[in-house]
S.K.: 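First the structure, then my questions, so here it is.
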Protein chains: 2
Amino acid sequence: MTSISNSDAALSIDLQPPAESSPLVRKLGSLCLMTADEIEFLEGLQNNTVVIEAGADFVAEGDTRSTTFILIEGWAIRYTALSDGRRQILSFAVPGDILGLHINFNAQATYSAAAMNKLKLAAVDPRRILEIYQKYPILASGLSWCTAREFAILGDQAVRLGRLPARARLAHLLLELWYRLELIGKNEGRWLEMPMTQLDLADTLGLSLVHTNRSLAGLRRSGLIEVKKDYIKLLDIEALTELSEFNPDHLAEFSI
Amino acid sequence: MTSISNSDAALSIDLQPPAESSPLVRKLGSLCLMTADEIEFLEGLQNNTVVIEAGADFVAEGDTRSTTFILIEGWAIRYTALSDGRRQILSFAVPGDILGLHINFNAQATYSAAAMNKLKLAAVDPRRILEIYQKYPILASGLSWCTAREFAILGDQAVRLGRLPARARLAHLLLELWYRLELIGKNEGRWLEMPMTQLDLADTLGLSLVHTNRSLAGLRRSGLIEVKKDYIKLLDIEALTELSEFNPDHLAEFSI
DNA sequence: GGTAGAATTTAATCTATGTTAACGTCATTA
DNA sequence: TAATGACGTTAACATAGATTAAATTCTACC
């Protein structure tokens, strides 16, 4: 907003999208050189914004109204609820992420989505996503990359849940979030934003609340992390990586 | 091959793809009405076939040569190997499934893929997938559906691993495979093809081999399944569904 | 048709994680 | 400043599932 004056006043020679652009445009812009046309289309997609209060669901499993959402501000979760009230969180979504990029038209949502904190998101007709593939080849590659990445993230989640012990699961997730936030420029020093409660963390890691707390304490006592309200500091990324067998290449950037 | 004579001799009025067509064409054909042009393109994609021996890897995690594979015959797995030799199988692929539908160009494969039994698959340049999106709108919707389905399958796998006890995990997986094979017409009565060993099953369910065997025995003793070499009979689908909280809608068909 | 190696089954023991319950801390509001 | 409620921490005990090992049954191959 303040930066408008700077692009007015000075001759802009930036090839990168301007600073006031959406997180999605910034994210894709750091990976591929989109045309002005493509950037404009992508920004235009995000005109219809919605605000969701912290804790509220904005997609419910079984919904037949399918909408694609682009996350602009705040964190969201995708999750599945079980009959006894327990939950499995499938993944976190951060600004620049797309929920429902590939939709079963005429089918039901296979998971619910909720806001971790106050959310701003763009509601997009999924038909416009197919339009991207038809008309904007660079964007299409970008979206294909997003899809592959979501797959890798969910696959890593399965590995965590299926084969890693509690502390490694936690370390692995912290590193995933670290690299994802890194890409959108949200890490400050080694402090990682952690807006979720330990109960949310437990439901992500497939652990009980108490054991999640124990695992957190374990990493803390080993000198690997430092914890404060809403933030965790990664004190030794190398050790965390080794402990959890995390592979950063799964989240690596690409370039065209 | 023998059926060529029938389409030569008689006047064909089928709207459905002919019987000798590929599993992928049959799968999509049961969901949407493709044009002759689209069917031809899809079959043409699968000209370059490869045979893989049982047990062999055909994608290794970290590979930078990215290829899309369409499974024509046999079963495959996607998996991640850990440093101590343990494995987490992410999902099974059956005829008609596509591996690497969305590829990170210039990036590494994030999982390995191996043949469960002898495999016939088509190797496709991933650029031709993007071509589909540009030129064949019906096919594009079909592929979008495939992607959403793969997501749902992997999400269900995360729920199994994170929140279900051993026997429910097993029941849940059996039902998933049941509905998937149903779609491609591979179920005989209530007998479900199970070409994997109990070790493979264990690596899918995130359990030890011994406990997988116990879980299998548990379901058998409860009268829910009957086991024979390479097949499992689902004796009580309703009870299995309730036990595992399986939701068949996740794999539901769609139609345009 | 016999044999070696693979796959399955069962039992005994151990451990990581779940469960329950109590207590602490902090922020909000009365 | 007290009361409340959400969230975090810790301890004691219970249990599902891991591990190890050995026996048994398949099955592919000679």
Side-chain angles (χ1 to χ4, degrees), chain A residues 53-56 82 84-89 114-117 160-173 194-222 225-232 243-244, chain B residues 53-56 75 77 82 84-89 114-118 160-173 193-222 225-232 243-244:
Chain A
E53 291 309 314
L82 296 179
D84 59 0
R86 290 178 312 144
R87 268 184 326 171
Q88 178 62 50
I89 293 178
M116 281 275 85
N117 38 30
R160 275 197 289 266
L161 294 171
R163 286 296 182 226
L164 297 189
R167 255 181 301 173
R169 277 188 217 181
L170 176 55
H172 199 278
L173 177 64
M194 290 291 283
M196 73 287 276
T197 68
Q198 290 188 9
L199 183 58
D200 297 321
L201 214 41
D203 287 339
T204 307
L205 298 174
L207 298 169
S208 67
L209 171 61
V210 172
H211 205 66
T212 300
N213 182 278
R214 281 197 282 249
S215 306
L216 229 20
L219 292 185
R220 189 162 10 93
R221 274 195 281 270
S222 309
I225 63 172
E226 188 184 330
V227 180
K228 74 174 187 193
K229 170 84 179 139
D230 287 343
Y231 285 88
I232 290 183
L243 168 68
S244 64
Chain B
E53 291 307 315
W75 287 42
I77 51 170
L82 297 179
D84 59 359
R86 291 178 312 145
R87 256 180 344 163
Q88 177 62 50
I89 294 178
M116 282 274 86
N117 40 29
K118 191 170 177 180
R160 275 195 288 268
L161 294 171
R163 286 295 181 226
L164 298 189
R167 255 182 301 172
R169 277 188 217 181
L170 177 54
H172 200 279
L173 177 64
E193 196 184 342
M194 290 290 285
M196 74 288 276
T197 68
Q198 291 187 12
L199 184 57
D200 297 321
L201 215 41
D203 287 340
T204 307
L205 299 174
L207 298 169
S208 69
L209 170 60
V210 172
H211 205 68
T212 300
N213 181 277
R214 278 197 284 252
S215 306
L216 227 23
L219 292 185
R220 186 159 14 88
R221 274 195 280 270
S222 310
I225 63 173
E226 188 183 330
V227 180
K228 74 175 187 193
K229 171 76 181 149
D230 286 343
Y231 286 87
I232 290 183
L243 168 68
S244 63

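Just so we're on the same page: letters track the sequence lines, and every chain starts at 1.
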S.K.: Angle between the two end axes of the helix from dG1(C)-dC30(D) to dA30(C)-dT1(D), five base pairs per end, rounded to 10 degrees?
M.R.: 40°

S.K.: Can you name the side-chain contact (heavy atoms from CB on, under 4.5 Å) partners of Asn213(B), sequence neighbours left out?
M.R.: Gln198(B)

S.K.: Just how far is it from atom CG of Asp200(B) to atom CD1 of Ile89(B), taken to the nearest 0.5 Å?
M.R.: 5.0 Å

S.K.: Assign Lys229(A) to base, sugar-phosphate, or nothing according to its heavy-atom contacts below 4.0 angstrom with the strands shown.
M.R.: nothing

S.K.: Looking at residues 206-219 of chain B, who's got a heavy atom less than 4.0 Å off DNA chain D?
M.R.: Gly206(B), Leu207(B), Ser208(B), Val210(B), His211(B), Arg214(B)

S.K.: Would you check if the side chain of Glu53(B) reaches a backbone N or O of Lys118(B) as a donor-acceptor pair within less than 3.5 Å?
M.R.: no

S.K.: Please report the closest heavy-atom contact between Ala54(A) and Met116(A), naming both atoms and the distance.
M.R.: CB-O, 4.0 Å

S.K.: Determine the minimum heavy-atom distance between Ser244(A) and Ala171(A), stating which atoms define it.
M.R.: CB-CB, 3.9 Å

S.K.: Please give me the minimum heavy-atom distance between Leu164(B) and His172(B), naming the atom from each residue.
M.R.: CD1-CD2, 3.8 Å

S.K.: For a 4.0 angstrom threshold against heavy atoms of chain B, report the outermost contacting nucleotides of DNA chain C in 5' to 3' order.
M.R.: dA7(C) to dA12(C)

S.K.: CD/Glu226(B) to CD1/Ile232(B) distance, rounded to the nearest 0.5 angstrom?
M.R.: 10.5 Å

S.K.: Kindly write out the residues that satisfy side-chain contact (heavy atoms from CB on, under 4.5 Å) with Asn117(B), not counting sequence neighbours, or none if the list is empty.
M.R.: Trp75(B), Leu119(B), Pro195(B)

S.K.: Going by heavy atoms closer than 4.0 Å, what residues in residues 160-169 of chain B are next to DNA chain C?
M.R.: none

S.K.: For Arg169(B), enumerate each residue passing the salt bridge (Lys or Arg N to Asp or Glu O under 4.0 Å) test, keeping only those at least two apart in sequence or located in another chain.
M.R.: none

S.K.: When you list every nucleotide of DNA chain D with an atom under 4.0 Å from a heavy atom of chain B, which one comes first 5' to 3', and which comes last?
M.R.: dG17(D) to dT27(D)

S.K.: Do the side chain of Arg163(B) and the main chain of Leu207(A) share a donor and acceptor less than 3.5 angstrom apart?
M.R.: yes

S.K.: Going by the rule side-chain hydrogen bond (donor to acceptor under 3.5 Å, both in side chains), which residues pair with Ser222(B) if we only count those two or more places apart in sequence or in a different chain?
M.R.: none

S.K.: List for me each residue that meets side-chain hydrogen bond (donor to acceptor under 3.5 Å, both in side chains) alongside Arg86(B), sequence neighbours excluded, and say none if there are none.
M.R.: Asp84(B)

S.K.: Suppose we screen for side-chain hydrogen bond (donor to acceptor under 3.5 Å, both in side chains). Which residues come up paired with Arg214(A), at least two apart in sequence or across chains?
M.R.: His211(A)

S.K.: List in chain and number order the residues that pass side-chain hydrogen bond (donor to acceptor under 3.5 Å, both in side chains) with Arg167(A), two or more places apart in sequence or in another chain; answer none if no residue qualifies.
M.R.: none

S.K.: Taking all non-hydrogen atoms of both residues into account, name the closest pair between Leu201(A) and Met194(A) and its distance.
M.R.: CD1-CE, 4.0 Å

